[in-house]
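These notes concern the structure reproduced below.
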Amino acid sequence: MIDRINPFIKLVTVLVTSLLLMFSPDWRLNTFIIVIVLLLLFTSKRVKLRKALKIILPALILSCAFFITGWQFSHTGGTDISLSAQSTRFVMKDATFLNGLQLGTRIFSFAVLGLLTALTIYPNELIASMVQQGKLSNSLSYGVLASVYLIPSMRKNYSQAKLAYQVRQIKLGKFDYRPMIGLLIRSIRWADALAMAMHAKGFSEERTHYIQTKVKWYDVVFLITLPLMTLIGLVYLRLL
């Protein structure tokens, strides 16, 4: 389901949901968002389980660290706090535990929302949808796309710049800035060459697009449903 959502709609939905989530630190709302997003992630055909776990596990460890910090090192006293869930009363005698739970789930909820966009959106489709649905200019959008594809090659270019100094038998320190200068010069030249190539191939606002993206009914449903559920949960928890 999540793979069929328009990339621009998906990005807007995640941004709106994240903004709404900022207004409530309640661990119940955070946990609800975490469960929904993890279900969307693990039912996606684009998400590889091993790759997702490599990113989720560090985020989970960080969230646990915030949970322990908020629990063990909170300034909040041991005040009795009553929580209601489906007509059942639970009493948490230690308010510091609740503080840690709120911190940990808050960190992890924002992390999984970011992963939802990072792991289920392809860069080419995102740029195409931002141009066609987001009305972003072609020159800016394809410049961003070129930068995305440039980043992986920068590490290789940096290694080549260091190798060039070693061939000349020039010793480099651990934090020597000279290879970075070479990398910067190469990047500027590459950007100039790319700009000339785009101009020569007719990259303008009137050009057609190979990837066509459209907004369908399930995109509208997704755009409304996730922020609306977050808003309802926010209002409900405020009225308790």
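In this chain, residues are counted from 1 in sequence order. The model shown is predicted, which means the values in this text are computed figures rather than measured ones.
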OH of Tyr165: more than 12 outside heavy atoms within 6.0 angstrom?
yes

Any side-chain heavy-atom pair from [X] and [Y] closer than 4.5 angstrom?
X      : Y      : answer
Thr105 : Phe110 : no
Met229 : Ile33  : no
Phe23  : Leu29  : no
Asn99  : Trp71  : no
Ile5   : Leu223 : no

Under 6.0 Å from the ring centre and within 45 degrees of the ring axis: does the NZ or CZ of Arg4 meet both conditions for the six-membered ring of Tyr218?
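Judged by the rule (NZ or CZ under 6.0 Å from the ring centre, within 45° of its axis), Arg4 counts as positioned above Tyr218.
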
Same cluster or not: [X] versus [Y], using hydrophobic residues (I, L, V, M, F, W, Y) connected whenever any side-chain heavy atoms lie under 4.5 Å apart?
X      : Y      : answer
Trp27  : Ile68  : yes
Leu39  : Val37  : no
Leu116 : Phe42  : yes
Leu19  : Leu21  : yes
Met22  : Leu115 : yes

Keeping Asp192 on the side-chain end and Arg189 on the backbone end, is there a donor-acceptor pair under 3.5 Å?
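Between the backbone of Arg189 and the side chain of Asp192 there is no qualifying donor-acceptor contact (under 3.5 Å).
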
Is the side chain of Arg238 donor-acceptor paired with the backbone N or O of Gly233 at a distance under 3.5 Å, no angle test?
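Pair absent, no side-chain N/O of Arg238 close to backbone of Gly233.
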
Walk me through it: do Ile224 and Val220 pass the test side chain to side chain contact (heavy atoms under 4.5 Å, CB included)?
CA-CA 6 Å; Ile224 296 174; Val220 179; 3.8 Å; yes

On a heavy-atom basis, which atom in [X] and which in [Y] lie closest, and how many Å separate them?
X      : Y      : value
Lys214 : Gln133 : CA-NE2, 3.9 Å
Leu113 : Val14  : O-CG1, 3.5 Å
Ile121 : Leu126 : CG2-CB, 3.5 Å
Thr13  : Ile9   : OG1-O, 2.7 Å
Leu11  : Thr117 : CD1-CG2, 4.3 Å
Gly70  : Leu103 : CA-CD1, 3.7 Å

Measure the [atom1]-[atom2] distance between [X] and [Y] for me, rounded to the nearest 0.5 Å.
X      : Y      : atom1 : atom2 : value
Leu101 : Ser63  : CG    : OG    : 11.0 Å
Arg46  : Lys51  : CZ    : NZ    : 12.0 Å
Phe32  : Leu237 : CZ    : CG    : 11.0 Å
Leu41  : Ile55  : CG    : CD1   : 9.5 Å
Leu226 : Thr17  : CG    : OG1   : 3.5 Å
Leu60  : Leu53  : CG    : CG    : 10.5 Å

Verify whether one side chain among [X] and [Y] offers a donor that lies under 3.5 Å from an acceptor in the other.
X      : Y      : value
Thr213 : Glu125 : no
Lys10  : Thr120 : yes
Asn30  : Gln102 : no

Tell me if the centroids of the rings in Phe67 and Phe108 come within less than 6.0 Å of each other.
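They do not qualify: ring centres at least 6.0 Å apart.
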
